[in-house]
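Step one of this worksheet: look at the structure below.
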Amino acid sequence: MKRRAFLSLLGAGGAACLLGQSAQAAGPKEFPGYPGSFGVLFDATRCIGCRRCEAGCNQVNGLPAPPEPFDDLSVLDKQRRTNAKTYTIVNRYDNIPGAAGPVFRKNQCQHCLEPACASSCFVRAFTKTPQGAVTWDASVCVGCRYCMIACPFDIPTFEYWEPLSPRIMKCTMCWPQITTGKLTVPGCVGACPVEALVYGKRADLLRIARGRFAAFPGRYLDHIYGEHEMGGTNWLYISGVPFKDIGLREDLGTTSAPQYTSGALAVVPIIATAWPALLVGIYAIHRRMDKVSHEEQVQAVTQAVAKAQEEAAAKLAKAKADAEADKKAAIEREVKKALEEAAKGQTEEDK
Amino acid sequence: MSTAAEMKKTWLTPFNIIVGIILLVGGFVTILRFTKGLAGVTNLTDNYPWGIWISFDLLCGVALAAGGFTTSAACYVFGLKRFHSAVRPAILTAFLGYSLVVFALHYDVGRPWRLPYPFFVQSGTTSVLFEVGLCVFLYLIVLFVEWVPSALEWLGFKKPRNVIVRMTLALTIFGVVLSTMHQSSLGALYLIAPSKLHPLWYSMFLPLFFFVSAIAAGLSMVLFEGTLSHHYLHDKMDKVYLSEHDGVTFGFAKGAAVVLVVYFFIKIVGITLDNNWHYLLTGYGAWFLFELLGFVALPAFLYAIAVRERNACLVRWAAVITVLGIILNRFNVSLVAFNWQLPPAQKYFPSWMEIAISVFIVTVGLLVFRFIATKMPIFYEHPDFKEHVPHEGEEEEAPEFVEHELKPHPQSLGH
Amino acid sequence: MENAFYTLHDFFVFTKGSAYILMGVILLGILGFWLFITGRDEETFIK
């Protein structure tokens, strides 16, 4: 466990750092995404809302059968979202201004070039594969559901009914089936009867979309949804009606998810570096101030003591001097007295 | 302590009955959670993957446990020694608070036994949640070590206790660093979802907002909890604690007032920089102003008056409003303003069982706090370990600074 | 080619991972440096 943890951290950055290779490989801080990655182009002007893609997806991924059969189109009467038993859904959008009739739109994982789920996952359970799919690894997922918070397209779903082994469920662009050769195109694409879905290299899909814009003037809005949204996605949409009218948010911007948090994360090592120094500095300053005030106190006391001692000494000296003077005077007096007495005796003798 | 007869008499108090019911219900819902899954007990949906177990137990729990690092930093780093007697209760509250946060997470995540995976199996270093988890994990250890002397004094282990006490400064500084990181990172969790959070609450300053408001929350919690402890644990408090209590109260109140004013203004700066003024006229704007004026500006003002008038009662009210305000803010960010574009019918409201688990966890915390505070030297100093004589420099400092004495003299290595 | 980053995410996995390791090194380094500069102080923080 421990060794694995260490290796995991190294894998996260240390190894290459020690080897000193990647700095140049990184080059300029622009990342083009995996060249030749695959995606799907959805054409809203072609989709007829037959739900065959849902059936195809359900079948190839071995998902549980839904309560209503896939040929029951009444489920389209209300807006649905993906859930843990459904990787993809088709919604019908009525009464769109400028549209002749209802417009249908398929929804599933957009397979972002810079996936928010991968960026937000604290065990790196999500992988952006070089083939374009964003996949999820059940063996490490803790089930924190931060990916669901982070995803701007509300795609990852959770098996809430599972007490101990709930999984995050979302479209894989049939990556497991395609890499193992079971499928050549995703299940939904293969099931579409009207070629509303095209599977191919993302770069080619962008060309195809532009080709359709040129071939059918007035049929499409001049915008490929997913070319730049949230840093770009492998799933692309073209439509004849505004994307917000078919449930695609137009306010997401082109900033990719990792960019939103990288700044805050970059501050973390700065805090780890600067804070201890700052705090020890503050501590040292007040400690120093305490010391100085303590020293001043000591000094003041010493001075006071010295002064008192001096005064006492002076007093003592004075007292001594006084005593000396007294003594001297007394001696003198005594001597004088004695002399006088002697003199007196002398005179008496002389008499 | 008491005879069997006394025990019998005191068992059936209203307090014990309520606690008993809460624990029973909590146990029942716990069983449901781990047999029927999250769907069996929560109202969580694919649109609302995080409910009150995150909003309250994690976001509020961590913010309200900020008293630990603010108090110990004030006392040991900023040299405000008169706060010394407030440190131990604050550390205990923080330690219990963080323990309960981690305990609560076991209910919320899908596979709780994998909670150490980010650190020991595979690290997702690009995730803000990794940063939060790592800091909470490390800080929990720091808090445990900071709390351990109380237990060791209770048990009478002098030597290990003295070793830890000498590490106080290093532990405090490490605690402040970790707290700064994860308190702010809890706000940074939402940076990745600008399209889901209402613009009035979303800001590039979210981490700063969370950090600054957590300091206010921590200070207010120390004040609030001091009041409660005074009421219920008065007989456990020693003279030092009681004599310092007023100084602590007004000192913290002054600090909280300043922090709240700073918080108020940086929120305004946030609106200004994103030019979100026009949102203030919407319904969400009214709710935002309710939070900002009623639960930030008002308590700041009340604290200021209370400090000027030396009014301890008003300090308590301001503390309560601040604590409620922080809870409101965390709920707003994580639930109310989150998914603001969803139709109201799809918005989340907690089930009674989710609330029951949150109440259960808070109750467990209170019981453990009461047990520890009545048994161990928290509000008083253990007579055998009297370190602290008020108004004198403290001795329990800085382990790393002694080490050099053990090293050979530099000159002996010089040539 | 093996170490080239095609996505910003991969780049951040690398850099943030390095930063976390560096952070540990920095914390220990600062502590060591502090011990070094205070090594000959007669007056220590211990009274």
Side-chain angles (χ1 to χ4, degrees), chain A residues 1-2 4-5 8-9 12-13 81-84 116 118-125 140-146 148-150 152 154 157-166 249 251-253 257-258 260-265 267-268 271-272 275-276 279-280 282-283 286-287 289-290 294, chain B residues 33-40 42 44-47 49-50 73 76-79 105 108-112 114-115 117-131 133 169 172-174 176-177 180-181 184-185 187-196 204 206-207 338 341 393:
Chain A
M1 196 78 153
K2 223 172 176 183
R4 212 179 149 191
S8 127
L9 258 183
R81 61 154 291 160
T82 56
N83 59 51
S119 179
S120 66
C121 183
F122 69 166
V123 285
R124 270 189 294 141
V140 288
C141 178
V142 181
C144 73
R145 308 189 294 287
Y146 187 34
M148 297 164 71
I149 293 280
D154 293 321
T157 64
F158 189 70
E159 294 181 318
Y160 284 106
W161 64 88
E162 282 285 342
L164 291 171
S165 57
R249 290 184 62 168
D251 58 350
L252 295 179
Y260 283 114
T261 48
S262 70
L265 284 173
V267 176
V268 168
I271 292 176
W275 249 223
L279 294 169
V280 171
I282 291 169
Y283 171 80
H286 87 74
R287 192 80 196 200
M289 271 156 53
D290 279 1
H294 179 72
Chain B
R33 154 67 184 91
F34 290 104
T35 50
K36 304 258 181 243
L38 285 168
T42 70
L44 295 176
T45 64
D46 288 326
N47 285 329
W50 285 358
Y76 297 124
V77 176
F78 292 87
L105 283 179
D108 189 72
V109 302
R111 308 184 197 214
R114 285 188 179 177
L115 276 171
Y117 270 32
F119 322 119
F120 299 111
V121 176
Q122 187 160 291
S123 304
T125 48
T126 56
S127 172
V128 179
L129 199 59
F130 174 78
E131 207 268 297
L169 181 69
T172 304
I173 288 179
F174 196 39
V176 174
V177 171
T180 309
M181 289 180 190
S184 55
S185 290
L189 282 178
Y190 290 90
L191 285 179
I192 203 166
S195 59
K196 293 187 180 178
M204 62 183 280
L206 258 178
F338 190 77
Q341 287 172 327

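Sequence lines set the chain letters: A, B, ... in the order given, protein chains first and strands last, and positions in each chain run from 1. The structure displayed is predicted, hence computed values, not measured ones.
Of all the listed residues (A:P152, A:C141, A:G253, A:A272), the one sharing the greatest number of non-hydrogen pairs under 4.5 Å with chain B is A:C141. In terms of heavy-atom pairs under 4.5 angstrom with chain A, the leader among B:L44, B:T42, B:T35 is B:L44. By number of non-hydrogen pairs under 4.5 angstrom with chain B, the leading residue of A:T157, A:V267, A:I149, A:D251 is A:I149. Comparing A:A264, A:C121, A:G263 by heavy-atom pairs within less than 4.5 Å of chain B, the highest count is held by A:C121. Here B:P194 is the residue among B:G133, B:A188, B:P194 with the most heavy-atom pairs under 4.5 Å with chain A. Comparing B:K196, B:M204, B:M181 by heavy-atom pairs within less than 4.5 Å of chain A, the highest count is held by B:K196.
Proximity of a side-chain donor or acceptor of A:R287 to a complementary backbone N or O of B:V77 within less than 3.5 Å is not detected. Checking side-chain atoms of B:T126 against main-chain N and O of A:S119 turns up a donor-acceptor pair under 3.5 Å. Between the B:R114 side chain and the A:G143 main chain, no donor and acceptor come within less than 3.5 Å of each other.
Of all heavy-atom pairs spanning A:W275 and B:V177, the tightest one is CB-CG2, 3.6 Å. Smallest separation of non-hydrogen atoms from A:Y283 and B:Y76: CD1-O, 3.2 Å. Closest non-hydrogen pair, A:V140 versus B:Y117, comes out as O-CD2, 3.6 Å.
Residue A:S262: no heavy atom, backbone or side chain, is found under 4.5 Å from chain B. Residue B:F174: no heavy atom, backbone or side chain, is found under 4.5 Å from chain A. Contacts of A:P276 with chain B are made by both backbone and side-chain atoms, with heavy-atom separations under 4.5 Å. For a residue to count as touching a neighbouring chain, one of its non-hydrogen atoms must lie under 4.5 Å from one of that chain's; by this rule B:L189 touches chain A with backbone and side chain alike. For B:T45, the part lying near chain A is the backbone, with the side chain staying farther off; criterion is any non-hydrogen pair under 4.5 Å.
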Can A:V123 and B:V121 be said to form a side-chain contact (heavy atoms from CB on, under 4.5 Å), step by step?
CA-CA 8 Å; A:V123 285; B:V121 176; over 6 Å; no
From CA spacing to verdict: side-chain contact (heavy atoms from CB on, under 4.5 Å), A:R145, B:W50
CA-CA 7 Å; A:R145 308 189 294 287; B:W50 285 358; 4.0 Å; yes
For a side-chain contact (heavy atoms from CB on, under 4.5 Å) check, start with the C-alpha distance between B:I173 and A:V280, then their side-chain angles and the critical distance, and finish with the verdict.
CA-CA 8 Å; B:I173 288 179; A:V280 171; 3.4 Å; yes
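Residues passing the ring-ring contact (aromatic ring centres under 6.0 Å, His included) test with A:Y160 are A:F158, sequence neighbours excluded.
Between A:P166 and B:L38, every side-chain heavy-atom pair lies at or beyond the 4.5 Å cut-off. For the pair A:D154 and B:D46, the minimum side-chain heavy-atom distance is 4.5 Å or more. At a threshold of 4.5 Å between non-hydrogen side-chain atoms, the residues B:L115 and A:V142 count as touching.
To the nearest 0.5 angstrom, A:T261 atom OG1 is 4.5 Å from B:I192 atom CD1. Rounding to the nearest 0.5 Å gives a distance of 9.0 Å between CG of B:L191 and CG of A:L265.
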